[in-house]
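Order of the sequence lines sets the chain letters (A, B, ...), proteins ahead of strands, with each chain counted from 1.
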Amino acid sequence: MTVRTRFAPSPTGYLHIGGARTALFAWAYARRHAGQFILRIEDTDVARSTPETVQAILDGMRWLGLEYDEGPFYQMQRMPRYKEVIERMLAAGTAYHCYTAPEELDALREAQMARKEKPRYDGRWRPEPNKTLPAPPAGVSPVVRFRNPLDGAVAWDDAVKGRIEIANAELDDFIIARADGTPTYNFCVVVDDRDMGITHVIRGDDHVNNTPRQINLLEALGAPVPVYAHLSMILGDDGQKLSKRRNSVAVTDYEERGYLPEAVLNYLARLGWSHGDDEVFTMEQFVRWFDLEHITSSAAQFNTEKLDWLNAQYIKSAAVARLSGEAARRLAKRGINPEAGVPLDKAVPLYQERVSNLNELADALEPFCVAVRPSAEMLAAHLTDPARAALKDLRGRLSACAWEKAAISAALKETLAACAMKMPQVAIPLRVALLGQPQSPAIDAVVEVLGRVEALARIDRCL
RNA sequence: GUCCCUAUCGUCUAGAGGCCUAGGACAAUACCCUUUCACGGUAUGAACCGGGGUUCGAAUCCCCGUGGGGACGCCA
């Protein structure tokens, strides 16, 4: 049997980080077992699903590089199929019409809550051998309810949570088609999972409570029951439930915040799953190692600091051309022409090991692309008279020396000797003059990358 | 309220009854490196929620409690 997994988001505006992890695990499981990964868009909530929200999901998947073998399938396009199954269930007696009005149901629920009972449909329209049903009220279009077993229990061996058993008495005859004939969530999922031959349902654990209903439905349909793996949720950095207001929840936010997709993927893989002490690994390794047994069953708190660290690791090993491209894009977005100054490829290596995200890289590269204007405070603090004298001396030497790091470094040391100064006394003012900042990578490397013409011009501007 | 899930350093986690004096990573602290800031290196501190069992032996199995989360829609 070949493994078939699916990711079935409802497009609510973006692919959020929890959904991304679910997708990643489902994808990895399929890849691990040489199976298929299917994308299904659950867009039956027409109020919230728009072409844009669907596109946002697709964009998120693409940024992460999670490729699907089939789909995207859209539930809205499967309506005829759902109706067909509902008709068949009605005919088979595994579903029935219910004429209870929404207001009546509300009243029922309230009464049950008041009695401290679990709110459930009371089965008033459920046909039974010796029961006389009320006459259908005129002008009311009925909903269709699933005829759930009355007793016994539903149980399954959840691949992450272990055996879960729920008494049928806890369940009720849930609605599978609304009064307007449109099918509901639990029903669509079941029909889709069955039609698409899903063997492993990997999803968030907010669906554990839906599982017994879905299993009962599957059984009523005579369909095989897949393996279920319920992933616990991801909490925000603050230990609270992820919220749009307080956290970055959309994966595309991470792109914007300067993260590399492989860092996000690696981080997500490690959040709720582990392979011994391994922390940094490629997607190839992940796919090779991934299993359902090592998924954590409790909720995990998102930790931005660790993501930052991972991102820094990936930046260190990324190709210079790629980093230059990313930095250029970000600079251009700020209205800076990345072509204006030093070629970014030259400057990137100076910062590759020092930054933890692409925006920091762009920040660092910015002074190489624009005319630097150190602030008055900066000048007052660092460009003292002795410092200026030293820079002037250095300027002379730099205009004559060979343009390579060793020669630049030698020129610097000669200035130190000539002016009887220590390295920081010259290097810091020089940094301010060249980049407008008192900190930078090794100063000789910075001078070299800037090029003779630019370096001298920047020094001159401060003398 | 009812049902379901869950509980190891601040955080992510390793841990399948003896390998645990509880390991790794991020973060923290200290030191080293150093031309500033980083990077890097070394070291240190830091946890089995509580109570009962089971067992020769429990972080690991069972029960109860407590904390946290989820579900109870003609939403998905």
Side-chain angles (χ1 to χ4, degrees), chain A residues 8-12 42-45 47-49 75 98 100-102 105-106 109 112-121 141-145 158 160-162 164-167 169-172 174-186 188-189 204-212 230 232-233 235 237 239-241 267 270-280 293-294 296-310 312 316 351-356 360 364 409 412-413 416 422-428 430-432 437-444:
Chain A
S10 59
T12 52
E42 311 214 322
D43 57 351
T44 52
D45 185 346
R48 288 191 295 173
S49 299
Q75 288 188 325
C98 167
T100 313
L105 290 173
D106 290 343
R109 259 192 292 273
Q112 287 166 328
M113 292 283 249
R115 270 178 276 137
K116 299 188 192 300
E117 284 169 17
K118 187 170 182 165
R120 271 170 305 185
Y121 174 65
S141 29
V143 299
V144 179
R145 285 185 185 271
D158 196 277
V160 349
K161 298 202 185 273
I164 299 178
E165 194 171 321
I166 287 159
E170 290 296 329
L171 274 22
D172 64 0
F174 61 98
I175 293 172
I176 60 177
R178 303 180 181 90
D180 66 4
T182 57
T184 60
Y185 171 76
N186 277 116
C188 297
V189 167
D205 73 357
D206 46 335
H207 290 291
V208 210
N209 295 276
N210 289 326
T211 307
H230 286 102
S232 49
M233 61 184 312
L235 271 23
D237 235 337
Q240 302 287 105
K241 190 172 158 178
Y267 180 73
R270 236 355 237 90
L271 195 62
W273 174 84
S274 62
H275 184 263
D277 289 341
D278 293 304
E279 296 285 350
V280 185
E293 288 72 47
H294 289 84
T296 315
S297 47
S298 56
Q301 190 172 318
F302 196 91
N303 185 224
T304 307
E305 285 171 333
K306 189 155 182 178
L307 205 213
D308 286 344
W309 173 79
L310 259 175
K316 278 187 227 273
Y351 292 96
Q352 188 165 10
E353 305 233 320
R354 313 166 62 88
V355 300
S356 69
E360 284 178 12
S409 181
L412 209 42
K413 290 199 171 112
L416 256 30
K422 298 267 191 215
M423 184 60 92
Q425 295 175 290
V426 179
I428 302 224
L430 182 54
R431 288 189 170 95
V432 170
Q437 304 156 356
Q439 289 105 34
S440 83
I443 192 63
D444 47 2

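Among the nucleotides B:rA76, B:rU13, B:rG70, the one closest to the side chain of A:Ser10 is B:rA76. Of the listed nucleotides (B:rU36, B:rG70, B:rA76), B:rA76 has the atom at the smallest distance from the side chain of A:His207. For A:Arg109, the side-chain atoms get nearest to B:rC74 when compared with the rest of B:rC12, B:rC74, B:rA76. You'll find that the side chain of A:Lys241 is closest to B:rG70, out of B:rG70, B:rU13, B:rC5. When each of B:rC74, B:rU36, B:rC4 is scored by its nearest atom to the side-chain atoms of A:Ile428, the top-ranked nucleotide is B:rU36. Closest contact between the side chain of A:Lys118 and the listed nucleotides B:rU2, B:rA76, B:rU36 involves B:rU2. Closest to the side chain of A:Asp45, out of B:rA76, B:rU2, B:rU13, is B:rA76.
A heavy-atom distance below 4.5 Å is found between the side chains of A:Asp172 and A:Phe174. Looking only at side-chain heavy atoms (C-beta outward), A:Thr44 and A:Thr182 stay at 4.5 Å or farther from each other.
Comparing the same atom, C1', in B:rA46 and in B:rC12 gives a spacing of 15 Å after rounding to whole Å. Comparing the P positions of B:rG10 and B:rA22 gives an interatomic distance of 15 Å, to the nearest angstrom. When the P atom is compared between B:rA27 and B:rG41, the two are found 12 Å apart, to the nearest whole Å. Straight-line distance between the P atoms of B:rA25 and B:rU42: roughly 10 Å, to the nearest whole Å. For B:rA38 and B:rC32, the C1' atoms lie 16 Å apart once the distance is rounded to whole Å. If you take atom C1' in B:rC48 and the same atom in B:rG1, they sit 33 Å apart, rounded to whole Å. B:rU60 sits 15 Å from B:rA47 when the C1' atoms are compared, rounded to a whole Å. A gap of 7 Å separates the P atoms of B:rC49 and B:rC9, to the nearest Å.
One atom, CD1 of A:Ile166, and another, P of B:rU2, lie 16 Å apart when rounded to the nearest Å. As a whole-Å value, the separation of A:Asp172 CG from B:rC3 P is 16 Å. Residue A:Asp308 contributes atom CG, which lies 16 Å from atom P of B:rA38 at whole-angstrom precision. Between A:Asp158 atom CG and B:rG70 atom P there is a gap of 18 Å when expressed in whole angstrom units.
No engagement by A:Lys422 is indicated, since no non-hydrogen atom pair under 4.0 Å with the nucleic acid exists. Using a 4.0 Å heavy-atom criterion, one finds that A:Gly239 contacts no nucleic acid atom at all.
Residue-to-nucleotide proximity on RNA chain B shows that, of A:Val355 and A:Val143, the 5′-proximal contact is made by A:Val355.
Remark: the A:Asn209 side chain and the B:rG70 base include a donor-acceptor N/O pair separated by less than 3.5 Å.
The aromatic rings of A:Tyr185 and A:His207 lie parallel to each other, with less than 30° between the two planes, well short of the 60° mark.
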How does protein reach along nucleotides 16-35 of chain B, written 5' to 3' as B (base within reach of a heavy atom under 4.0 Å), S (only sugar-phosphate), or - (no contact)? -------BBBSS-------B
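Taking 4.0 angstrom as the limit, A:Arg178 places a side-chain polar atom (N or O) nearer than this to OP1 or OP2 of B:rA76.
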